[in-house]
Amino acid sequence: MNLVVSWWVVASLLLPAVMGAAMVLLLRHRLTLSRLASIASCLILIAVAAVLLNEAGGGTIQSYALGNWRAPFGIVLVLDRLSAMMLLLTAVLALIVMVYAISTGTDRKGWHFHPLFQFQLLGLNGAFLTGDLFNLFVFFEVLLIASYGLMLHRQGGQRLKAGVQYVIINLVGSTLFLVAVGLLYGVTGTLNMADLAVRVAAAPAGDQGLIAAAGLLLTTVFALKAALVPLHFWLPGTYAATTGTVAALFAIMTKVGAYSIIRTSTLIFGEDAGGLAFLVGPWLLPAALMTIVIGFLGMFAARGLRDLAAWAVVGSMGTVLCAVSVFTVQAMGPALYYLLHSTLAGAALFLIVDLIAQRRAQHGDALTLAPRFRQIEILSALFFLAAIAAVGLPPLSGFVGKLLVLDGVRAAPQAAWIWGVILTTTVIGVLAFARAGSLIFWKSAALEGEIELRALRGKRGGVGAAAALLLTLAGLTVLAGPVTRYTAAAAAQLFAPEQYIEAVLGPQSGGRR
């Protein structure tokens, strides 16, 4: 790896790690300094990610061996188009969410919000950059431990109950992850993903059963993180119970599961893996279709706006993985574009719902009639735009993304099923948001009186941060041409794993051994 690029790659991990530790040790009781440090960290991470995206855009995959230990024996970080894109997405989302947390005062209502936020970014960035399955597990644990603290931020009985469930489910997932990793190492003797790609492709027939079992178990863990049916049950309660700020940041968490499925399925179990090629294909598409259906039906049945937003995240993950499950370059590019859109749209929805719940006082986010509340006009407009984005109506990027997905899967044998499910559930999503919007805004606006809130901290800043996410969606729409060209190139790179293998193992690997 180029020496300058290697420093930028390491900086994306080192910065949040050092910043988080410094906040715990030096800034525990200095909220203003912690806020400034967090904003500075997010801004620098955006700059770092932009440099790395520009470097990866040239098409060269680069690896960095930590401690100068050569792969597959040492730890490697790998930069390609997909990992660079995910780094920038994480940094942009983190900055907007941090601005929202500060402007609404959410960060002052619990302990260690800012250090936990930084450690969360460390885990996310590490998961996107690592080239080793065991270190993927390590970074999963880092981001999960940080998410436990963030999820319980501000305390409360409902939040504690959902938090315990969240912790237990993820502990089970971590245990299964270790079992899968142990099986793969026992059979192949390596956990480096590039080396695994080589060894799985050359595995004798007698070992393929164990490798298949390990691969399916590994994908089950990733499906749990991605909230894929039937492993979705933890997400609605967890996301609805936590603060809007944390739920917005967690919009990127499910994408870690999707990213891991994409990475392992195209690299380790890609088309060169013989009988193990695209191992998860037979069940991934049915599960993704069911995830779309259940997610959008859950939106229609939701009794609160937070539940509505949480089920919308489930439905969007189904759409992403539906396109992924076809395992073609033509479908993977749209899947990556929709992954970008759905992350930002989900986060925007959570922030807007949080603003509405704050202003409705004792009525909160419940889908019930209540008197008018402060800023009902501007929040109704923001909610309308977020709803359009979430269900995929024009003119925002959700419409572009769904059109691209439908076009990308057109040649697949299951295209009729995919088209039918996506189009039908889009109508259900429109009805769900129409129902919620009419209750919260239209019918409530007709009632006499207004909810008075004497103290409403940071109302302008909170609205501005939510609007900023909608502006990023507008930017994603306006720049759909260059963005889709990038995602198409990233998809092509994923389906040419020999480039990745050679970048990690060196030219002597010849792409495959």
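Because the structure is predicted, anything quoted here is derived from the model rather than measured. Values below: every heavy atom of this structure, side chains too, minus hydrogens, waters and symmetry copies.
Residue pairs satisfying the ring-ring contact (aromatic ring centres under 6.0 Å, His included) criterion with at least one member in residues 472-492, sequence neighbours excluded, are absent. Within the structure, every pair that satisfies the salt bridge (Lys or Arg N to Asp or Glu O under 4.0 Å) test and touches residues 257-270, not counting sequence neighbours, is listed here: Asp80-Arg263.
Trp283 CH2: more than 12 foreign heavy atoms inside a 6.0 Å radius. The environment of Leu479 atom CG is dense: over 12 non-hydrogen atoms of other residues, nucleotides or ligands sit within 6.0 angstrom. Counted within 6.0 Å of CZ on Phe495, heavy atoms from surrounding residues, nucleotides or ligands total more than 12; the atom is thus considered enclosed.
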Side chains of residues 213-231: which donor-acceptor partners sit under 3.5 Å, not counting sequence neighbours?
residue	atom	partner	partner atom	Å
Thr219	OG1	Gly215	O	2.8
Thr220	OG1	Leu216	O	2.8
Lys225	NZ	Asn170	OD1	3.1

Only pairs under 3.5 Å count here: list side-chain donor-acceptor contacts from residues 308-323, not counting sequence neighbours, and write none if there are none.
residue	atom	partner	partner atom	Å
Ser316	OG	Ala312	O	3.4
Ser316	OG	Val313	O	2.8
Thr319	OG1	Gly315	O	3.3

In a table with atom names and distances, give each donor-acceptor pair under 3.5 Å that connects a side chain of residues 335-344 to protein atoms at least two apart or in another chain.
residue	atom	partner	partner atom	Å
Tyr337	OH	Leu476	O	3.0
His341	ND1	Ser397	OG	2.8
His341	ND1	Gly398	N	3.3
His341	NE2	Ala389	O	2.8
Ser342	OG	Tyr338	O	2.9
Ser342	OG	Leu339	O	3.2
Thr343	OG1	Leu339	O	2.8

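The main-chain N or O of Ile262 is never found under 3.5 Å from a side-chain atom of Ser265 such that the two would form a donor-acceptor pair. Side-chain atoms of Lys402 come within 3.5 Å of backbone N or O of Val391 as a donor-acceptor pair. Not one N or O on the side chain of Gln330 forms a donor-acceptor pair closer than 3.5 Å with the backbone of Gly408.
Listed by chain and number, the residues in a salt bridge (charged side-chain N to carboxylate O under 4.0 Å, His left out) with Asp307 amount to none (sequence neighbours excluded). In this structure Gln414 satisfies the side chain to side chain donor-acceptor pair (under 3.5 Å) test with no other residue, sequence neighbours excluded. Applying the side chain to side chain donor-acceptor pair (under 3.5 Å) rule to Thr245 yields the partners Thr106; only residues at least two apart in sequence or on another chain are considered. The salt bridge (charged side-chain N to carboxylate O under 4.0 Å, His left out) check on Arg81 picks up nothing, with sequence neighbours excluded. Partners of Glu377 by salt bridge (charged side-chain N to carboxylate O under 4.0 Å, His left out), not counting sequence neighbours, listed by chain and number: Arg372. Partners of Arg410 under the salt bridge (charged side-chain N to carboxylate O under 4.0 Å, His left out) rule, at least two apart in sequence or in another chain, are Asp407. Applying the side chain to side chain donor-acceptor pair (under 3.5 Å) test to Ser38 and every residue at least two apart in sequence or in another chain returns His114.
Atom-to-atom distance recorded for Leu289:CG and Leu284:CG is 9.5 Å, nearest 0.5 angstrom. Taken from CD in Gln358 to CG in Asp365, the straight-line distance is 11.5 Å, to the nearest 0.5 Å. Separating the CZ atom in Phe350 from the CZ atom in Arg306 is a distance of 9.5 Å, to the nearest 0.5 Å. Note that the CG atom of Leu235 and the OG1 atom of Thr291 stand 11.0 Å from one another [nearest 0.5 Å]. Within the model, atoms CD1 of Ile292 and CD1 of Ile294 stand 11.0 Å from one another, a figure rounded to the nearest 0.5 Å. Atoms CD1 and CG, from Ile44 and Leu95 in turn, are 11.5 Å apart once rounded to the nearest 0.5 Å.
Using a 3.5 Å distance cut-off with no hydrogens or angles, the side chains of Gln165 and Thr238 do not pair a donor with an acceptor. Using modelled atom types and a 3.5 Å distance limit, the side chains of Ser147 and Tyr166 yield a donor-acceptor pair.
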Apply side chain to side chain contact (heavy atoms under 4.5 Å, CB included) to the pair Leu379 and Arg374, showing each step before the final yes or no. CA-CA 9 Å; Leu379 288 177; Arg374 299 278 183 89; over 6 Å; no
(request) Apply the test side chain to side chain contact (heavy atoms under 4.5 Å, CB included) to residues Leu87 and Leu53: give CA-CA distance (whole Å), side-chain angles for both, the deciding distance (0.1 Å), then the verdict. (result) CA-CA 8 Å; Leu87 288 178; Leu53 186 80; over 6 Å; no
*Go through the steps for Gln118 and Leu122 under the test side chain to side chain contact (heavy atoms under 4.5 Å, CB included), then give the verdict.*
CA-CA 6 Å; Gln118 294 299 314; Leu122 168 63; over 6 Å; no
Subject >> Derivation and outcome, ring-ring contact (aromatic ring centres under 6.0 Å, His included), residues Phe383 and Phe441 >> reply: CA-CA 10 Å; Phe383 182 81; Phe441 302 108; 5.5 Å; yes
Notebook entry, point to check: For Leu367 and Arg435, what are the C-alpha separation, side-chain angles and deciding distance, and is it a side chain to side chain contact (heavy atoms under 4.5 Å, CB included)?
Noted result: CA-CA 9 Å; Leu367 292 179; Arg435 165 177 167 264; 3.7 Å; yes
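Taking the side chain as every heavy atom from C-beta outward, Phe137 and Ser174 approach each other to under 4.5 Å. Residues Leu121 and Phe117 meet the side-chain proximity criterion, which asks for heavy atoms closer than 4.5 Å. Annotation: side chain of Thr368 is in contact with side chain of Arg360 (closest heavy-atom distance under 4.5 Å). Contact check for Thr243 versus Asp354: no side-chain heavy atoms found under the 4.5 Å cut-off. Residues Leu349 and Ile352 are not in side-chain contact: their nearest non-hydrogen atoms beyond the backbone lie 4.5 Å or more apart. The shortest side-chain heavy-atom distance between Ile169 and Trp234 falls under the 4.5 Å cut-off. Using a 4.5 Å heavy-atom threshold, the side chains of Leu93 and Leu469 count as touching. Side-chain atoms of Leu439 and Leu369, non-hydrogen and from C-beta on, do get closer than 4.5 Å to each other.
Listed here is the closest heavy atom pair of Ala251 and Gly346: CB-C, 4.4 Å. Here the shortest heavy-atom pairing between Leu431 and Phe300 reads CB-CE1, 3.8 Å. Listed here is the closest heavy atom pair of Ala348 and Leu470: CB-CD2, 4.1 Å. When all heavy atoms of Ser12 and Asn125 are compared, the closest pair comes out as O-ND2, 3.0 Å. Taking each heavy atom of Ala488 and Val329 in turn, the nearest pair found is O-CG1, 4.4 Å.
Between Arg35 and Asp107, at least one side-chain nitrogen of the basic residue sits less than 4.0 Å from a carboxylate oxygen of the acidic one, meeting the salt-bridge criterion.
Separation of the Tyr259 and Phe128 ring centroids falls under the 6.0 Å cut-off.
In this structure, Phe250 and Tyr239 have tilted ring planes: the angle between them lies in the 30° to 60° band.
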